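Throughout, protein chains are lettered first and strands after them, A, B, ... in sequence-line order, and every chain is numbered starting at 1. This structure is a prediction, so every number in the text was calculated from the model and none was measured.
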Amino acid sequence: MKYADVILPLALPRNYTYAVPPEMEATIQPGSRVAVQLGKQKKYAGIVKSIHEQAPSAYKTKPIMDLLDKEPVVYPTQLAFWEWIAQYYMCNEGDVLNAALPAHLKLSSETILLYNDAFGDDFSSLDDYEYLLAEALLLRKELRIGEVQLILDRSDVYSVIKQLIEKKVCLVYEELKEVYKEKKENYILLNPAYEGDEALAPLFDELSRAPKQMELLLAYLHLLKTQGEVLQTELLKKSGASAAQLKGLVEKQILRVDKRTVDRIPMGKVETNMNFDLSPAQEKALAEVKASIAQKQVTLLHGVTSSGKTQIYVKLMEEALQSGKQVLYLLPEIALTAQIIRRLQKHFGGQIGIYHSRFSNNERVEIWNKVKNGEIRIVLGARSSLLLPFRDLGLIILDEEHDASFKQQEPAPRYHARDAAIYYASLFGAKVLMGSATPALESYYNAKQGKYGLVELQERFGGIAMPEIEIVDLKKELALKEVIHNFTSVLRQQIQRSLDMKKQVILFQNRRGYAPFLLCTTCGWIPNCKQCDVSLTYHKHQDKLSCHYCGTRYPYIYTCAACGSQTLLPKNFGTEKIEEDLQEMFPTARIARMDMDAIRNKDSHNKMIQLLEQQEIDILVGTQMVVKGLDFANVNLVGIISADSLLSYPDFRVNERAFQLMEQVSGRSGRRDGQGKVVIQASNTRHPILHFVTEHNYKAMYENEITEREQFGYPPFFRLVKVTLKHKKQQTVEQAAMILANWLRPHLGAQLVGPAAPLVGKVRDFYLQEMLIKLPRDSKRITQVKNLMKELFSQLLIEKQFRSVIIVPDVDCVQ
DNA sequence: AGCACGCCGACT
DNA sequence: GTCGGCGTGCTC
Ligand SMILES: [Zn+2]
Ligand SMILES: [Zn+2]
């Protein structure tokens, strides 16, 4: 008898073992998607991790119900990768499956209630609830659990349903149905009997009394001649004919409708255009990268902004393709713009697949399958495309490798695509090339240590100068009363100058909304979120107060809840306020705002970029979003409204992050002519980071920071695991954290920091406690401590008072 | 993630 | 008293 260990799309601590029915033995494989039952009736699609002959002794197995596909949906490589992610990032394989598999390949059954017609309609034996449900069911014939909850207006509906089943009023079944649907399109074919002009001639006579059909036929013949194949939708649209007229021609057997399965992700021609030349600096860097790749698994390309890293990637991608391997090009979701897509498509045509959150679930399934069967040679995608089922990966490119969005925050698996990519690549024997103008300290350290290869490209493409940076003293200007609406005279003049020159301006402010909080000027009260310990941000556009931690929105309030006076004022400023002030100061300028709120609907990000390209926007105000990937020739001024807020986060990475941000956003200025200017407004103009930014001196920043990291035991010298505990009661979570820390401390000593409440101590009505565990870079020790942690977590959860404490480990946490 | 079971507060 | 919410445990 064979058994299969099955990964289910649930947060289960281990995989479940099912019996393989004899008839399935020949076809089932690791990676196969199977339908299994879990519990009394629920069915799920799970993935077979392994097949073996060890009968479990502790429980009796259920059989696998169904093999869902002809082919496995992942290769053993992916199963190995999932196992590593689960182990390294301290989560379940089910979590990984959930993140990896497209939604439409993940199935779970739905309970459906059916009316038992044999029961008749005598409801006299039923109580009120039963009567209500029975009547609804008689009317609707079938109901889902959610509908029953609405009808009965209560969440616990199972007791009522159970009664109705017992009384034989209803039947219940579990439906596990495929959700992925192939896309079908109707092609119109000409009856072969009418092929050729001679055969067609009698048709025109025949149709002389149906002029509309004649018209349609002529339109069809025209399309057939020009395009070879004719789609029904296109024919009707172009000819203006109705479906009825088409039906007429079909009934006369002149035309035929052929329903075909079509690709949602059509692959274009496999062609490669390398019609560009590298600069001598790029050539040199390319040669060095190649030499490095030959020796090391991972190479870091440190190239200043606008140095032409993408062209180097393109050359390397071409080489990988030529050796028959697949390529993965990862970049931050926000940098995955139409611009870069077009650019790569120009070079690689139809071999590229794009993968990001904008695709529909059906499209994702098709991309998944095309990556698996090798039709897609290159994937250009954000973090989650690392989890695609590559068949033979040769190269992973990680652009903007310093970017924090490569780390998944919520939910598990909280993986870092940079680190996970290195492991994934190793499974294929593939190479990894990471690129950035401002590498993560960890990466640069690894490169300097010789663990990674290091290639430096210090010259902007075309020998263009780096932008000139001016630090403006906010305090001094404030004293001189020169600051209007957070804009110093220097920044205002520079903006005016750019506008006069018909150039474009990018302004950076790291908070969205209008004001981060409201303040009662009479008593000092600040409106907070009901569920979170945080002030509400004022969004003027929506006229709402909104919590940036839980997303709850509240109507704007005018009256102070503490003293009753109507003296609430917006305090501090976000992008909306900047936008408004700009409009006031530069009334004729065309101003746009780019932040999470502004690009909420689907295509607005790309549209805004297009407007910028076409110079329909003069000034762009934005958050982090304006920092990445934007490449506009006409921008000659970048303004950072407040460097102070960037430099004052309570995070050991503040300086690194602030430098990266300012250097990257600076890089948007003067990308073609080298006449770029950057104005940074700051109160503390002496901050060392500002000087490093002024000099574009990454290495000085690195040297400065790395010493501190070593001294205080932070990455790259130590790995960090952040453990967050959550509970509805503050006292419970504090006690739990204290107890857990006391258990851990003997093993860790000073390598345990905390526990303490985070800055925002309550989110969504859960009180939080955090502790930080610092682990030396020694994989044995790391595994040992992780195992200890897991053990202590379960020990804590055994105690009845702490059962409902939620423990969230975050390995290699960022911030 | 469901779903069953059991304990406890609040309405008839 | 019972109804219904919610916390807790279990699913191969
Ligand atoms: Zn007040
Ligand atoms: Zn909130």
Just to be sure I understand the rule, does A:S108 reach a base, reach only the sugar-phosphate, or reach nothing, if contact means heavy atoms closer than 4.0 Å?
nothing
Residues which pass ring pair (Phe, Tyr, Trp, His ring centres under 6.0 Å) with A:H548, listed by chain and number, not counting sequence neighbours
A:H539
Expressed as a whole number of angstroms, how long is the span from A:L797:CG to C:dG7:P?
16 Å
If I take atom CD in residue A:E130 and atom P in nucleotide C:dC3, what distance separates them, rounded to the nearest angstrom?
11 Å
DNA chain B stem ranges, 3 or more consecutive Watson-Crick or G-U pairs under 3.5 angstrom
B:1-11 with C:1-11
Matching residue for A:E366 among A:R264, A:K183, A:K181 - test: salt bridge (charged side-chain N to carboxylate O under 4.0 Å, His left out)
A:R264
What is the separation between atom NZ on A:K43 and atom C1' on C:dT11, rounded to the nearest whole Å?
16 Å
Calculate, to the nearest 0.5 Å, the distance between atoms CG and SG belonging to A:L536 and A:C547 respectively.
6.5 Å
Please work out which residues in residues 99-107 of chain A have a non-hydrogen atom less than 4.0 Å from an atom of DNA chain C and list them by number.
none
Rounded to whole angstrom units, what separation is found between the OH atom of A:Y129 and the P atom of C:dC3?
10 Å
Find the distance A:Q163:CD to C:dC3:P and express it as a whole number of Å.
11 Å
Gap separating the CG atom of A:L387 from the CD1 atom of A:I85, nearest 0.5 angstrom
5.0 Å
A:L176 CG - B:dA1 P separation (whole Å)
18 Å
Show the nearest heavy-atom pair for residues A:I151 and A:L132, with the distance to one decimal.
O-CD2, 3.7 Å
Which residues, if any, of residues 7-24 of chain A bring a heavy atom under 4.0 Å of DNA chain C?
A:L12, A:Y16, A:T17, A:Y18
Go through the structure and list residues passing side chain to side chain contact (heavy atoms under 4.5 Å, CB included) with A:K530, not counting sequence neighbours.
A:Y554
Side chains of A:E93 and A:R14, heavy atoms from C-beta outward: is any pair under 4.5 Å?
no
Using a distance-only test with no angle check, is there a side-chain donor-acceptor pair under 3.5 angstrom linking A:Q801 and A:T732?
no
Identify whether any heavy atom of A:Y44 sits under 4.0 Å from a base atom; if not, whether one sits that close to sugar-phosphate; answer base, sugar-phosphate or nothing.
base
Interatomic distance, A:R154 CZ vs C:dC6 C1' [rounded to whole Å]
13 Å
By side chain to side chain contact (heavy atoms under 4.5 Å, CB included), A:Y131 pairs with (sequence neighbours left out) A:F123, A:L126, A:E135
How would you list, by chain and number, every residue that makes a side chain to side chain contact (heavy atoms under 4.5 Å, CB included) with A:Y423, sequence neighbours excluded?
A:F81, A:W84, A:S426, A:L427
So, with a heavy-atom separation below 4.0 Å from DNA chain C, the residues of residues 798-807 of chain A are A:R803, A:S804
Closest non-hydrogen contact found for A:H104 with A:E178 is O-OE1, 4.2 Å
Of the non-hydrogen atoms in A:V20 and A:Y3, which two are nearest, and what is the gap between them?
CG2-C, 3.8 Å
Please identify each residue that fulfils side chain to side chain contact (heavy atoms under 4.5 Å, CB included) with A:D127, with sequence neighbours left out.
A:Y129, A:E130
Could you check how far NZ of A:K60 sits from C1' of C:dT11, rounded to whole Å?
12 Å
Residue mapping more 5' on DNA chain C - nearest nucleotide basis, A:D153 or A:T61
A:D153
Kindly confirm or rule out a cation-pi arrangement of A:R140 over A:Y115, judged by NZ or CZ under 6.0 Å from the six-membered ring centre and within 45° of its axis?
no
Starting at the 5' end of nucleotides 3-12 of chain B, put B wherever the base has a protein heavy atom under 4.0 Å, S where only the sugar-phosphate does, and a dash everywhere else.
SSS-------
Using residues 21-30 of chain A as the side-chain source, report each donor-acceptor pair under 3.5 Å to any protein atom, sequence neighbours left out, with the distance given to one decimal.
from	atom 1	to	atom 2	distance (Å)
A:T27	OG1	A:M24	O	3.2

Please, which pairs that meet salt bridge (charged side-chain N to carboxylate O under 4.0 Å, His left out) have at least one residue in residues 98-114 of chain A, sequence neighbours excluded?
A:E110-A:R144
